There are 2 protein chains.
Amino acid sequence: MLTMKAKYALRALTTLARHGHAPLPAHQLAAQARVPESFLEVILAELRRAGYVSSKRGLQGGHQLAKAPEQIGLGDLIRAIDGPLAPIRCASLTAYRACSDCPDPEACATRVLMTDVRNAIADVLDRRTLRDQLLLESHRGDLAA
Amino acid sequence: MLTMKAKYALRALTTLARHGHAPLPAHQLAAQARVPESFLEVILAELRRAGYVSSKRGLQGGHQLAKAPEQIGLGDLIRAIDGPLAPIRCASLTAYRACSDCPDPEACATRVLMTDVRNAIADVLDRRTLRDQLLLESHRGDLAA
DNA sequence: TAATTTCCGACAAATCCAGTCGGAATACTA
DNA sequence: TAGTATTCCGACTGGATTTGTCGGAAATTA
């Protein structure tokens with residue numbers, strides 16, 4: 001499941017990317033990305049901790065991307081905000097944990113199935129970066145114009 | 001995300017399938033599938049409503065599969081228990097709903113991305129049936145023996 | 001009738017989600 | 001130095017969802 005938080009994070013990052021290098025204050029970012037301002041604060045804190053944005057306080061301050069869009073993998077981004085991609089922990093590569101009620105994870109058919117699902121998800125997400133999202137939007141805009 | 005409920009449902013159905021045609025009482029099913037007995041009741045009710053199991057009351061009663069395992073698609077099963085496969089409603093084929101905060105779903109890059117994810121998930125799940133899960137387990141057993 | 005079993009709805013505890021709020025710290029400008 | 005704009009931080013809250021439990025009614029069979 002994609003939470004609001006991750007959806008907002010994605011929008012915030014693409015907004016920052018489009019805005020260029022100058023720092024963008026949170027209240028403007030909130031308006032442009034359509035994210036509730038006080039919730040955006042929470043999200044920016046996580047993005048900062050994860051190294052995706054850097055922030056500057058005071059007048060002329062604001063937030064900016066800390067990496068180039070093509071270096072922001074969407075899989076990792078969503079992992080940072082929403083946790084593991086796998087539908088169930090025992091199918092996660094990056095955050096494996098056996099089910100407490102599972103006598104033998106090696107033999108678990110559910111785990112095998114869900115591992116296939118998690119790989120399918122990761123295949124999509126880990127092949128794309130923020131840059132792809134930007135191109136998607138601008139391409140759309142071009143067509144409409 | 002795969003909830004406990006869906007995980008239990010999957011285990012309950014494979015257990016019923018392995019047990020054959022005779023009805024299996026809930027308390028035995030609970031033990032064999034390792035599902036809390038009173039929660040299993042709730043789950044069986046949903047499976048019955050969705051047409052996957054049929055039940056018989058009274059002495060010699062119990063639950064049995066209402067379809068052949070190869071006719072129980074895992075995608076549909078999980079949809080019946082956990083809801084849409086898509087990570088976000090606006091990316092669902094079977095249960096589409098636009099985000100309330102989205103000015104133009106057609107142009108939404110997040111929706112495009114998540115549609116790819118949902119298709120990847122559905123590709124895995126809609127190609128498999130309960131029979132595949134059965135084979136997975138028995139094959140495993142063979143190897144271990 | 002007695003035993004067994006499903007069936008049903010209400011309830012409840014725990015966890016997670018989506019956000020808010022108040023204020024402290026920091027930086028810039030005049 | 002004062003004032004203003006801004007980030008930064010943690011605590012809090014209300015609601016939804018998950019993961020169950022419980023008590024009893026209805027049905028079936030022996």
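In the text below, chain A, chain B and the rest are named by the order of the sequence lines, each starting its count at 1. The model shown is predicted, which means the values in this text are computed figures rather than measured ones.
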When you measure from the side chain of His19(B) to the backbone of Ala22(B), do you find a donor-acceptor pair of N or O atoms at a distance under 3.5 Å?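 Looks like yes, one N/O pair under 3.5 Å.
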
Base, sugar-phosphate, or nothing for [X], non-hydrogen atoms under 4.0 angstrom?
X	value
Ser55(B)	sugar-phosphate
Ser38(A)	base
Ala45(B)	nothing

Return the set of residues passing salt bridge (Lys or Arg N to Asp or Glu O under 4.0 Å) with [X] (not counting sequence neighbours), or none when no residue passes.
X	result
Glu46(B)	Lys5(B)
Arg34(A)	none
Asp101(A)	Lys7(B), Arg11(B)

Looking at dC8(C), I'd like to know if its phosphate oxygens (OP1 or OP2) sit under 4.0 Å from a side-chain N or O belonging to Arg49(B).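 No, outside the criterion.
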
Is the shortest side-chain N/O distance from Tyr8(B) to OP1 or OP2 of dG20(D) below 4.0 Å?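 Result: yes.
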
Protein-nucleotides 9-11 of chain C N/O pairs closer than 3.5 Å?
none

Any pair counted as side-chain hydrogen bond (donor to acceptor under 3.5 Å, both in side chains), so long as it reaches residues 64-90 of chain A, sequence neighbours left out: Thr3(A)-Asp82(A), Asp76(A)-Arg79(A), Arg79(A)-Asp126(A)

Please list, for nucleotides 24-28 of chain C, all pairs of protein and nucleotide N/O atoms separated by less than 3.5 Å.
residue	atom	partner	partner atom	Å
dA25(C)	N3	Arg57(A)	NH1	3.0
dT26(C)	O4'	Arg57(A)	NH1	3.0

